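Computed over heavy atoms, backbone and side chain alike; hydrogens, waters and symmetry mates excluded. Order of the sequence lines fixes the chain letters, A, B, ..., with proteins taken first and strands second; residue numbering starts at 1 for each chain. What you are looking at is a predicted structure, and each value in this text was computed from that prediction instead of being measured.
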Number of protein chains: 4
Amino acid sequence: MIVANAPWTVEFHSGVPVYKQIIHQVQAAIADGRLRPEDQLPTVRALHQQLNVNPNTVAKAYRELELAGLITTQRGSGCFVAPSAEPPKLSDRDRKAKAEQLSSRYMAEAQSHGLSIDDLIQNLTQRKSHV
Amino acid sequence: MIVANAPWTVEFHSGVPVYKQIIHQVQAAIADGRLRPEDQLPTVRALHQQLNVNPNTVAKAYRELELAGLITTQRGSGCFVAPSAEPPKLSDRDRKAKAEQLSSRYMAEAQSHGLSIDDLIQNLTQRKSHV
Amino acid sequence: MIVANAPWTVEFHSGVPVYKQIIHQVQAAIADGRLRPEDQLPTVRALHQQLNVNPNTVAKAYRELELAGLITTQRGSGCFVAPSAEPPKLSDRDRKAKAEQLSSRYMAEAQSHGLSIDDLIQNLTQRKSHV
Amino acid sequence: MIVANAPWTVEFHSGVPVYKQIIHQVQAAIADGRLRPEDQLPTVRALHQQLNVNPNTVAKAYRELELAGLITTQRGSGCFVAPSAEPPKLSDRDRKAKAEQLSSRYMAEAQSHGLSIDDLIQNLTQRKSHV
DNA sequence: GTGGTCTAGACCACC
DNA sequence: GTGGTCTAGACCACG
């Protein structure tokens, strides 16, 4: 099954390289089950059109995902989630450390644009219930 | 007052340019009142040592902040929050849009490292109460 | 120390991608001690000129070596052999299997160009004594 | 005689195109006498099954061999080594140059996988005596 | 000066 | 049609 309806998007001026944003989204989709082992990823060409980025940029993201062992590519037919691909498992301690690190950057960026902590919490809570 | 005890940090491999991370943190500190008009910022030298970053990088951040009118630099004595510096005011609609955009990127990055929405919400809530 | 005198070369029409040939050569240099931990690699620009290939091709090779953990890159100063980089250790059995696989491809290619096994053995023996 | 028991193999991730690997092996078999003029080659279908490769890929290899004059195809009955097919004859100088070029590439690849020159020499010597 | 990212576009290998 | 490789060239971040 091709995940054609997935909400692939990138922000161009966030500072985070586009290809890394793609990697993050694929990893996130695998982590929360929207993409399952053996599923086919969008083709390089499809994603490059949808995101309006250069095909090479998508290919670069897919290449790194393959090197990381998360996906496999089959010339002539496409890219697929690796059979063994599994969401990363972190200890509670590591989760908190990582959340701390991310939130710190996240909050600084948010506040610098005039948002408050509550704006963020509210948005996240909304997303949670929407799922 | 010199904000020497503020938690200045940068992540080198986050993709967000280091100088932008510094800008974000200064803006955030101004936005939430940790830095007030007329307050002195850490010196370039102090920050470059603390963050283990090239002085040019800190200088570039301060230069852009000055161009944005948020700080003023006084040769020989340091950089100060501009008297008129005010947190940006956004309409509710803009706040929501910005929060949406930011959250989307951060959630993907969080999930790609094995974190859940709850991990993020929990961390932010904690921060809120700590203030 | 920059390994400026290393015999970096690529064959353009061998079928093996140029960037993989570069990777192989770096790995080989690490494996046999010509490159040691902390040594600096040729800069992207230097190698691109020496090999007469596009800088991106060299950069791609270095990027994969970094992802594999063999080298580290420091923006603004260059690429270095990772402190922990070590030649791969294989069991005798694996060595034989790998040698079998490589030699099979190697010999077919050699014979298809009119060379005999003896030509190959002779050349390799010569190389050995030259070291 | 059909060379059904010949060790036809391809490596998919070697970088050398699959169809070229097939060409090399046919040429090698002709060069060392395993295939003689008038001998029949494996059918496209047989080889595609044995190598687990797309029939088009086998067909492409055979087509190029025919263009090179090494084999002839007779519709309905198969492909045969051309009556005039002869191993290429190279001058000593060319042989050495070719061997040098090939060995250089293969040694880098071998060492990058942790093999030594001796591993290669040993394997080749073994092959020689097995014939 | 260093490496990193992205684009545009070409050609190739394989299904 | 699929992905893979390479080039040329621009712009950016960092020291």
* Please determine if a side-chain N or O atom of C:T73 lies less than 4.0 Å away from the OP1 or OP2 oxygen of E:dG3. => no
* May I ask you to evaluate whether C:T57 reaches the phosphate of F:dT7, defined as a side-chain N or O under 4.0 Å from OP1 or OP2? => yes
* To do: Can you check whether any acceptor in the base of F:dG9 is under 3.5 Å from a donor in the side chain of C:N56, or vice versa?
  => yes
* Asked: Has D:K60 got a side-chain N or O lying under 4.0 Å from the OP1 or OP2 atom of E:dC14?
  -> no
* I would like to know whether B:R63 and B:E66 meet salt bridge (charged side-chain N to carboxylate O under 4.0 Å, His left out); could you show each step before the answer? => CA-CA 5 Å; B:R63 201 182 321 127; B:E66 188 178 19; over 6 Å; no
* Structure fact -> When rounded to whole Å, the CD to P distance for the pair A:E66 and F:dG3 reads 12 Å
* Structure fact -> Closest to the side chain of C:T43, out of E:dG3, F:dT2, E:dC14, is E:dG3
* For the pair C:Y106 and D:Y106, name the ring-plane relationship: parallel under 30°, tilted 30 to 60°, perpendicular over 60°. => parallel
* **Nearest-angstrom distance from the residue atom NE2 of C:H48 to C1' of E:dG1** => 14 Å
* To do: With DNA chain E as reference, determine whether C:Y62 or A:V16 sits nearer its 5' end, using the nearest nucleotide of each.
  => C:Y62
* Do any side-chain nitrogens or oxygens of C:S77 fall under 4.0 Å of OP1 or OP2 in E:dG1? -> no
* pair C:R105-D:V16: side-chain heavy atoms closer than 4.5 Å -> yes
* To do: Would you kindly give the CD-to-P distance between C:Q40 and E:dG1, to the nearest whole Å?
  => 15 Å
* To do: Round to a whole Å and report the spacing from CD of A:E64 to P of F:dG3.
  => 17 Å
* Using a 4.0 Å heavy-atom cut-off across all strands, classify D:V53 as base, sugar-phosphate, or nothing. => nothing
* Would you check if there is a donor-acceptor pair between the side chains of C:Q21 and C:S14 at a distance under 3.5 Å? => yes
* Nucleotide of E:dC6, E:dG3, F:dT5 approaching C:R75 most closely (side-chain heavy atoms) -> E:dG3
* Choosing from E:dC15, E:dG3, F:dT7, which nucleotide comes nearest the side chain of D:N54? -> E:dC15
* To do: Evaluate the criterion side-chain contact (heavy atoms from CB on, under 4.5 Å) for residue pair B:E109 and B:H113; output intermediate values, then yes/no.
  => CA-CA 7 Å; B:E109 194 167 346; B:H113 288 97; 4.1 Å; yes
* To do: Could you state the atom-to-atom distance from CD of C:Q49 to P of E:dG3 in whole Å?
  => 12 Å
* Ignoring hydrogens and angles, are the base of E:dG1 and the side chain of C:R45 linked by a donor-acceptor pair under 3.5 Å? -> no
* Structure fact -> Here the distance between atom C1' of E:dC11 and atom CZ of C:F12, to the nearest Å, is 16 Å
* Asked: Taking any strand in view, what nucleotide pairs with F:dC14 in a Watson-Crick or G-U wobble way, both distances under 3.5 Å?
  -> E:dG1
* Using whole Å, report how far CZ of C:F80 lies from P of F:dG15. => 12 Å
* Return the 5'-most residue of the pair B:P55, A:G76 with respect to DNA chain F, ranking by each residue's nearest nucleotide. => A:G76
* Compare side-chain N and O positions of A:Y19 against OP1 and OP2 of E:dT5 and report whether any pair is under 4.0 Å apart. => yes
* When rounded to the nearest 0.5 angstrom, what is the spacing between NZ in C:K60 and OH in C:Y19? -> 4.5 Å
* To do: To the nearest Å, give me how far apart NE2 (A:H13) and P (F:dC11) are.
  => 14 Å
